[in-house]
Amino acid sequence: MSDSEFKPFNRVQMAQRAATDIPEGWYVNLGIGIPTLVADHVPLDREVIFHSENGILGMGPAPAKDAIEPWLINAGKQYITLRSGGSICHHADSFAMIRGGHLDLCVLGAFQVADNGDIANWATSENDTAPAVGGAMDLAAGAKRLWVIMDHTTKDGSSKLVTKCSYPLTAESCVKRVYTNLATLDVTERGFMVLGMAPGLTLENLQARTDAKLHLPG
Amino acid sequence: MSDSEFKPFNRVQMAQRAATDIPEGWYVNLGIGIPTLVADHVPLDREVIFHSENGILGMGPAPAKDAIEPWLINAGKQYITLRSGGSICHHADSFAMIRGGHLDLCVLGAFQVADNGDIANWATSENDTAPAVGGAMDLAAGAKRLWVIMDHTTKDGSSKLVTKCSYPLTAESCVKRVYTNLATLDVTERGFMVLGMAPGLTLENLQARTDAKLHLPG
Amino acid sequence: MVSGLLTETLWGRGDETTYQIVDINTNQYNSANRLTLARSPSPALNLCVRKRLPEGTRRMINKIVQSMADAMAGIKDGSTVLLAGFGSVGQPNALIDGLIEQGAKDLTVAANNAGSGHVGLARLMELGRVRKIICSFPRSSDPVVFETLYRAGQIELEIVPQGTIAERMRAAGAGVPAFFTATGVGTKMAVGKEHREIDGRTYILENALYGDVGLVEAWEADRWGNLTYKLAGRNFNPVVSMASKTTIVQTQHVVGLGDLHPDNIHTPGIFVDRVLHIPYGDPGSF
Amino acid sequence: MVSGLLTETLWGRGDETTYQIVDINTNQYNSANRLTLARSPSPALNLCVRKRLPEGTRRMINKIVQSMADAMAGIKDGSTVLLAGFGSVGQPNALIDGLIEQGAKDLTVAANNAGSGHVGLARLMELGRVRKIICSFPRSSDPVVFETLYRAGQIELEIVPQGTIAERMRAAGAGVPAFFTATGVGTKMAVGKEHREIDGRTYILENALYGDVGLVEAWEADRWGNLTYKLAGRNFNPVVSMASKTTIVQTQHVVGLGDLHPDNIHTPGIFVDRVLHIPYGDPGSF
C-alpha cells in the first residue's frame with residue numbers, strides 16, 4: 001500500500017477520538033488548540049466536568065454572542081459559560097486541584113512526546129528568550145493522566161514522537177496516551193504501543209513516519 | 001512599706017489593663033481564661049476585631065441564653081456571636097491568618113515567661129503523657145505581638161517570670177508584654193522592664209517575688 | 001426545526017430564559033434555533049445547563065448514596081481516617097457511627113480532639129479499632145476513653161499543633177508533600193525534624209497529612225458533591241475533603257444542581273466522593 | 001433604665017430584633033435591659049452589632065479611602081508589587097493607572113502576564129519603572145512593550161509556572177517560607193533548585209513570594225475591607241491579598257458592614273488595608 005492511499009484524521013476527528021475515551025464523571029482540563037475541541041465531542045449522554053486553570057470548575061460551551069458574561073473566561077481567555085453545578089475558586093485552590101492530583105485527565109497539545117512519556121510543549125528552543133509556560137507544567141506534572149493531541153509529524157515531516165525530546169521539557173514521564181492525525185498510541189513501559197491507525201495506514205508506514213520504535217499490543 | 005499594704009490587681013483589672021492598651025483596628029486573638037475577659041473591656045469607642053482559631057473573624061460577645069446559635073462557637077467551645085462584618089473561613093485559612101503574621105496581637109495565659117520572651121503555657125512537665133497544645137504554638141509563633149496575662153507567682157509563691165523556663169516551651173522569644181496581678185512588664189533586650197505596679201507595691205517587693213531581674217525604663 | 005434527538009442549552013439573563021436548541025447528531029449550537037421564555041426560578045446568573053431529553057433516561061454523575069452501608073463501603077483495615085469537626089460543630093457524627101458499624105480496624109485517626117465521653121470517636125477507640133491518633137488537643141470535657149487507653153499503652157499518640165494539622169491536610173490536597181513552618185520551633189514538636197534558617201528565622205519541615213478516608217459534615221450538598229458549610233461548622237471540613245482519597249460527606253440538606261451559587265460553594269465536588277443525606281444533626285451540648 | 005451613654009447590641013432572630021442595652025460605664029451586658037422590635041431588613045443570621053450612639057460621632061475602622069492619592073500613598077521605589085487579574089478579568093486597572101501616576105520606580109512586579117498593548121502594566125514598563133517581572137506567561141495578544149524591553153536587556157524576567165506563582169503567594173500569606181512541589185521537576189525551572197525525593201517522587205523547593213504592595217480588584221467591599229469577587233474575577237486576587245504587606249483594593253461596589261453574608265466573604269478584611277471605590281470596570285475585550 002502506498003503512502004498516498006491512507007486518510008489522516010482531521011482536527012475534529014482527533015478531538016472526537018479523545019472525547020470518546022473519556023468516561024462519565026471525570027474531571028478534565030483541556031489545553032489550548034485541538035484539546036479545546038474535545039469538550040464539544042464528549043458523547044451527550046455523559047457528564048464530564050471541565051476545569052479551567054483560572055478557578056473554573058464545571059465549564060460549559062462558548063456562549064452565544066449576544067449572551068456573553070464578561071466575567072466568565074477560561075484559561076485561554078475565551079468567553080465561556082458555567083454549567084449548573086459549576087463553581088469558582090481562587091488561583092491557588094484551582095491549582096491545588098491540578099497539583100494535588102484531583103484532575104482525572106489533562107489533554108494538551110505538544111511539540112514532542114518521548115517514548116518514556118516526557119513531554120515538550122512550551123518552548124521551541126533552549127534559547128527561547130521569553131518562553132511562556134502558563135499552567136502547562138502544573139497540569140503535566142499534576143493530573144492523574146496526561147493525554148496529548150498533536151500532529152504525528154511537523155510540517156517538514158519530522159516525527160513528533162521521539163526517543164528523546166530535543167525541545168525543553170514541560171514534564172518528565174507523564175504522558176499516558178497520544179492521539180495524532182495518524183494513530184492512537186499508549187505510552188507503556190516498552191514505549192509507544194499502537195492502539196489504532198488512520199484508515200488505510202500500515203504499521204510499516206506509520207513506523208516510517210515515527211522516530212521512536214512502535215509496538216503492537218500483546 | 002510592708003508586703004501586706006499593696007493591693008494586687010484582680011482578674012478583671014488584669015484584663016482591663018490589657019484591653020486599654022489595644023488600639024482601634026487591631027486583629028486580636030484571645031486565649032482561654034483571663035485573656036478571654038479582655039474582649040469585654042475594650043473601650044467602647046474602639047473597634048477591635050477578634051479572631052478565633054476555628055475560622056471566626058469578628059467575634060462578638062457571648063449571646064443571651066435564649067439567643068444561642070448552636071453553629072457559632074469559639075476556640076474555647078463557648079457559644080459566641082458574630083459581629084456585623086464578621087466572616088467565616090476554614091481551619092487552614094484561619095491559621096494562615098495566625099501563622100502568616102496577620103494578627104496584630106495574641107493574648108495568652110502562661111505557666112512561665114522568661115526574660116528573653118520564651119513562653120511555656122501548654123504542658124507542666126516534660127513527661128506529661130498526653131499534653132494538649134491546641135493552637136498555642138501557632139499563635140505564639142505567628143502573631144505580630146504576644147502579650148501574656150497571668151498571676152505573677154504560682155499558688156505556692158514561685159515566680160512565673162523566670163530567667164529560663166523549666167516547663168516545656170510553647171515558643172521562643174516571642175512575648176512582648178506581661179500583665180500580672182502585680183505589674184505590667186515589657187520584654188526588652190535587657191530583660192523585663194517594669195511599666196507599672198499594683199498600688200502600694202515597691203520595685204523591691206516586686207523583685208522579691210520575681211526570679212528574673214527587673215529593670216526600670218530609661 | 002432540527003431533526004433527531006435534541007439537546008437544550010439554557011441561558012438565564014435578566015427576566016428571560018433562552019433555550020438554545022442543539023442538534024445531537026452534529027452537536028452544534030446554532031443561534032438560529034432559540035426559544036425565549038419567561039425566567040425560570042433558577043439562580044440569578046448566566047448559567048448553561050446541557051441536558052439530553054428526557055432527563056430521566058440519561059446517566060448522570062450522582063455522588064449521593066442511599067445508605068450508610070454504601071457510604072462506608074470499602075474502608076479498609078489500616079486506613080488513615082481524617083475526621084473534621086471542632087467541638088461538636090461540623091462534626092460528622094452519623095458517619096463516625098457508620099464507621100463503628102462498618103468494622104474497619106487498626107485505623108489511624110487524625111482529628112482535632114481525641115474524643116469525648118463514650119460516643120463517636122471515643123467509642124471507636126474504646127472498641128480497640130484505633131491504632132494511632134493524630135490530634136492537637138487530646139483533652140476534652142470527658143477524655144476518659146483516650147486517657148485510659150493511652151495510659152495502658154493501647155493507643156499511639158501524635159500531638160500536632162492545630163495550625164500544623166490544618167496546613168498538613170491542606171498541603172496533602174494541594175500537591176505539597178512538605179513545607180517549612182515556624183510553629184513548634186524550639187519546642188518538643190521540633191525534635192527530630194529538619195531545621196532551616198530562611199531569611200534570618202528558623203523553621204522546621206512538616207509533612208503533608210494524607211487521608212485514605214475523610215469524614216465530613218456539610219450543611220448543603222448537590223449531586224456533584226458541591227458543599228456549603230454553616231458558620232463554625234466549616235472548620236476542618238474543607239481541608240479534610242481536599243486531603244482524602246475517598247471523601248465521605250453527611251449533609252443536612254440535599255439541593256438541586258445549580259441551587260448553590262457558583263461564587264459561594266465552599267468545597268467544590270472535585271474533592272468529594274460520596275454524599276449521604278442525614279437530615280438532622282445541629283450541634284448539641286458538649 | 002440605665003443611665004449614662006448607652007451602647008446597643010442587636011440580635012436578629014426569626015422575625016424579631018432584640019436590642020440589648022449596655023451601660024457604657026460598666027460595660028456590662030444585662031439581660032434585663034432588652035428591647036424587642038420587628039425584624040430589621042438585615043442579613044438572615046444571628047448577628048451582633050455593637051455600636052455607640054450616635055453612630056456618626058464615634059471612631060470606626062474604615063479602610064475606605066477617598067482618593068487615588070490616598071490609595072497609593074507611601075509606595076516606595078524598589079517595592080515588590082503583586083498584581084492580581086487573569087486576562088482583563090479581575091484586574092485592578094484603575095489602581096495600575098494610579099501606580100503609574102504615583103511615580104514609584106525600580107519595581108518588581110509579579111503577575112500572570114507581562115502586559116498588553118501600551119496601557120496598564122505595559123505602560124508602567126514602557127515608562128521604565130519596572131526592574132523585574134515575575135510571571136508565567138509573558139506573551140499576550142500584544143506583548144510589544146515587554147518584548148522590546150526584554151530584547152534590549154532593560155527588564156529582568158523570572159518565568160514561574162502559573163500554579164507555582166499562585167502557591168508561592170498563598171505560602172507567603174500563610175507563614176510558609178518554602179515548600180516542595182513536583183511542578184517543574186526535570187525542566188529548566190528546576191535548575192539550581194533543591195531537589196528531594198519524598199515517598200518515591202522527586203520534588204523541588206520553591207520559596208514564598210511576598211509583596212510589599214498588592215493590587216486587587218473586588219466586586220463588593222465593606223469598611224472592614226471584607227471582599228467578594230465576581231466569577232472569574234476571583235483568580236489571583238485572594239492570594240495577592242494574603243501575600244502583601246499593604247493590600248490596596250479597587251471595588252465596583254461599596255456595601256454596608258453586615259451586608260456581606262459571613263459564610264460568603266471571599267477575602268476577609270484582615271488581608272486588606274485600603275479600599276477605593278471605582279464604580280466601573282467590567283472586563284472589556286482583550
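Lettering of chains follows the sequences in order, A, B, ..., and the numbering in each one begins at 1. Hydrogens, waters and symmetry mates play no part in the numbers below; they use all other heavy atoms, side chains included.
Looking at every heavy atom in both residues, T170(B) comes nearest to T187(C) through O-CG2, 3.3 Å. Closest approach of W71(B) and G281(C) over heavy atoms only: CZ2-O, 4.2 Å. The shortest heavy-atom contact between W122(B) and I159(C) is CZ3-CG2, 4.4 Å. Looking at every heavy atom in both residues, V133(B) comes nearest to P161(C) through CG1-CA, 3.8 Å. The heavy-atom pair separating P70(B) from P283(C) by the smallest distance is O-CG, 3.4 Å.
Taking chain C as the reference chain and counting heavy-atom pairs below 4.5 Å, the highest number among A120(B), A140(B), A75(B) is found for A75(B). Between chain C and the residues S87(B), G55(B), C89(B), the most heavy-atom pairs under 4.5 angstrom are made by C89(B). Options A141(B), G135(B), G134(B) differ in how many heavy-atom pairs under 4.5 Å they form with chain C, and the most are formed by G134(B). Taking chain B as the reference chain and counting heavy-atom pairs below 4.5 Å, the highest number among C135(C), G186(C), A190(C), G233(C) is found for G186(C). Options D118(B), I56(B), N54(B), I88(B) differ in how many heavy-atom pairs under 4.5 Å they form with chain C, and the most are formed by I88(B).
Of the two parts of V185(C), the backbone and the side chain both hold a non-hydrogen atom closer than 4.5 Å to a non-hydrogen atom of chain B. Contacts between I98(B) and chain C at a heavy-atom distance below 4.5 Å are absent for every atom of the residue. For Y229(C), no part sits under 4.5 Å from any heavy atom of chain B, backbone or side chain. Only the side chain of R170(C) comes within contact range of chain B, with heavy atoms under 4.5 Å apart. No part of N237(C) comes within reach of chain B, as not one of its non-hydrogen atoms sits under 4.5 angstrom from that chain.
Put simply, NE2 on H90(B) and CG on N235(C) are 11.0 Å apart, with the number rounded to the nearest 0.5 Å.
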Working note: N113(C) + K77(B), criterion side chain to side chain contact (heavy atoms under 4.5 Å, CB included); need CA distance, chi angles, decisive distance, verdict. CA-CA 12 Å; N113(C) 290 69; K77(B) 294 164 192 173; 3.1 Å; yes

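Between R234(C) and D93(B) the shortest side-chain heavy-atom distance does not fall below 4.5 Å. At a threshold of 4.5 Å between non-hydrogen side-chain atoms, the residues F86(C) and I73(B) count as touching. Side chains of M137(B) and T164(C) form no contact here, defined as non-hydrogen atoms less than 4.5 Å apart.
Residue K144(B) qualifies as enclosed at atom NZ: its count of foreign heavy atoms under 6.0 Å is above 12. No more than 12 heavy-atom neighbours from other residues, nucleotides or ligands sit within 6.0 angstrom of NZ on K105(C).
Counted by atom type alone, H91(B) and Q162(C) present one or more donor-acceptor pairs between their side chains at under 3.5 Å.
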